[in-house]
Amino acid sequence: MANPFEKINQEQTPAMDDLSVLSSSYVPENFPHREQQIDSMVKSLSSIMRHGRASNLLLYGKSGTGKTSISRYVTQLLQEAGKGSIKVVYINCQITDSTYSILVYLVNSLSERDEERIPPMGWTLDRVYSELITRIGQMKKYIVVVLDEIDKLIEKNGGDSLYVILKASDDGKEANLSIIGITNYTSFADNLDARVRSRLNQESIIFQPYNATQLRDILKDRMGGIVSHTVVEDSALNLCAAIGAREHGDARKAIDLLRISMEIAIREGKSRVGEAEVYKARDKFETDVIKESIMALPLHSKIILLSVVLSQKFANRPAYTGEVYENYKRICEEISVQNLGFRRISEILSDLDDIGLIVSVTKSMGRGGRTRFIRVPDHIDSIEQHILEDEQLSTFKGVKLTKQEKLSGLEDESHQDIDDIFNSQRSD
DNA sequence: ACTCCACAGGAAAATTGGGGTA
DNA sequence: TACCCCAATTTTCCTGTGGAGT
């Protein structure tokens, strides 16, 4: 029996396409329209090579403006030039987002051997901290810590983490550590504690959004590295650039679109990528983003989202918190899961709103009370599908739903004005 | 002006669970 | 094994609030 994977492999071989240059993890060699930023970074970091201490750097710019790629690129060059005397530690603060986890991560990055690694939990913060100081002292290298999405740290615990890390850079015996912070928000430094700000914000570099022309240059540059039999029409390339430019000058989006368009063309056996493929790619992109964010959700968030979907469908209007909670409890009962309290549900609904999976508006109906009206903006059915793909929800067959028939002050038919509120919200 | 609904959201207590230590 | 420490997650308790009804 032929291996079905082999078959797929053979089917694709004639194309001989290698699109890895367009993948999100690829760090290119050329950064069109970013010469100035690279130059500033190199200048700032070059004092390390003269055995001095580099100033801490802050990189500002919207997503997809090259901050992460360029800092990876520059620090890699630095590491090579340092010939083993420089250690670069890259931390994504969205994932590693507490003082504790960052310190543990740092300590483990400075471990040469596995047995030196410390457990991700259990130690006291003090113990991890002094361990870090010891390691910094022992390490005869200059350490550069890149904190990507550094704003997430402030969001969570108001800058304490940053203070601790900065303190570690001073407490380390030779103080041979500097920090590169990366953030999406220009106002990031304003919210900082003064003692943290002065030390962190020693030098800042701004990454302006790319415009459509610049994005086109970037795409062309990347295309140069592609071995492909697929021809990308200029109009398609321009469209990718234009969509990226509309999204606050997002190069990542433009590149992703180009890659997906090419993948679509290849799969459909076409030799040219035109505007139609780009539009298809944009749709796929959107649904993929939704799917991924749903799959990453914890169980109870999924159940709540399911409850929102079902409540909304059942009542044929946006659902409100009380209803969602009632139906959520029923779903939990159905699948034999202990339900969470009301307060927590309220919080999870806010989270879902932040992610963008639901849209909610708080509205007061006078005596009818004040509540959030919640709606799943798009693709309701596919969202429901994705939720039900969860293993723990596989036993879910459906439940008897409830809806509040008459919310005092709100007739069932008068949800028209609520729709209006949603519509005006979305145009913000 | 005052009431009162049905929540929102802050603060603090309680629970959970990994990991260390005696 | 029993027990302590700690961080993270949830619950409990609470005060606050927009605006229709009175």
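Throughout, a chain's letter reflects where its sequence line sits, starting with A, and its residues are numbered from 1.
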> According to a strict under-4.0 Å criterion, is A:Thr362 in side-chain N/O contact with OP1 or OP2 of B:dA8?
Replying inline: no
>> List the residues meeting ring-ring contact (aromatic ring centres under 6.0 Å, His included) with A:Tyr325, not counting sequence neighbours, and say none if there are none.
In response: A:Phe342
> A:Arg216: what forms a salt bridge (Lys or Arg N to Asp or Glu O under 4.0 Å) with it, not counting sequence neighbours?
Replying inline: none
> Whole Å only: how far is the CD atom of A:Gln338 from the P atom of B:dT15?
Replying inline: 14 Å
> Are A:Tyr60 and A:Phe207 an aromatic pair by the rule of ring centers under 6.0 Å?
Replying inline: no
> With A:Asp351, which residues qualify under side-chain hydrogen bond (donor to acceptor under 3.5 Å, both in side chains), at least two apart?
Replying inline: none
> A:His300 has an atom NE2; how far is it from atom P of C:dT9, in whole Å?
Replying inline: 13 Å
> Separation of A:Glu323 atom CD from B:dC5 atom P, in whole Å?
Replying inline: 19 Å
> Does C:dG19 have OP1 or OP2 sitting under 4.0 Å from an N or O in the side chain of A:Arg367?
Replying inline: no
> Nearest-Å distance, CD1 (A:Ile348) to P (B:dG9)?
Replying inline: 14 Å
> With sequence neighbours left out, what residues match A:Glu347 under side-chain hydrogen bond (donor to acceptor under 3.5 Å, both in side chains)?
Replying inline: A:Arg343
> Is the distance from OP1 or OP2 of B:dG9 to the nearest side-chain N or O of A:Ser350 less than 4.0 Å?
Replying inline: yes
> Could you spell out the base pairing of DNA chain B in dot-bracket, with Watson-Crick or G-U pairs whose two distances are under 3.5 Å, [ ] crossing and | to another strand?
Replying inline: ||||||||||||||||||||||
>> Distance check needed: C:dT10 C1' versus A:Ile303 CD1, whole Å only.
In response: 15 Å
>> Any side-chain N or O of A:Thr321 below 4.0 angstrom from OP1/OP2 of B:dA8?
In response: yes
>> Once salt bridge (charged side-chain N to carboxylate O under 4.0 Å, His left out) is applied, what residue pairs with a partner in residues 77-95 of chain A remain, sequence neighbours excluded?
In response: none
> Could you give the CD1-to-P distance, from A:Ile102 to C:dA7, as a whole number of Å?
Replying inline: 15 Å
Polar atom pairs between nucleotides 12-17 of chain C and protein, under 3.5 Å, N or O only, would you list them?
from: C:dT17; atom 1: O2; to: A:Arg370; atom 2: NE; distance (Å): 3.1

> For residues 238-254 of chain A, which residue pairs qualify under side chain to side chain donor-acceptor pair (under 3.5 Å), counting only residues two or more places apart or in two chains?
Replying inline: A:Ser63-A:His248
> NZ of A:Lys363 versus C1' of B:dC5: gap in Å, rounded?
Replying inline: 14 Å
> Taking A:Arg72 for the side chain and A:Tyr90 for the main chain, is one N or O donor matched with an acceptor at less than 3.5 Å?
Replying inline: no
>> How many whole angstroms separate atom CG of A:Leu340 from atom C1' of B:dT16?
In response: 13 Å
>> Between A:Ser364 and A:Ser346, which residue's closest nucleotide on DNA chain B lies nearer the 5′ terminus?
In response: A:Ser364
>> Test of understanding: with side-chain contact (heavy atoms from CB on, under 4.5 Å), list the residues that count as partners of A:Gln208, not counting sequence neighbours.
In response: A:Ile206
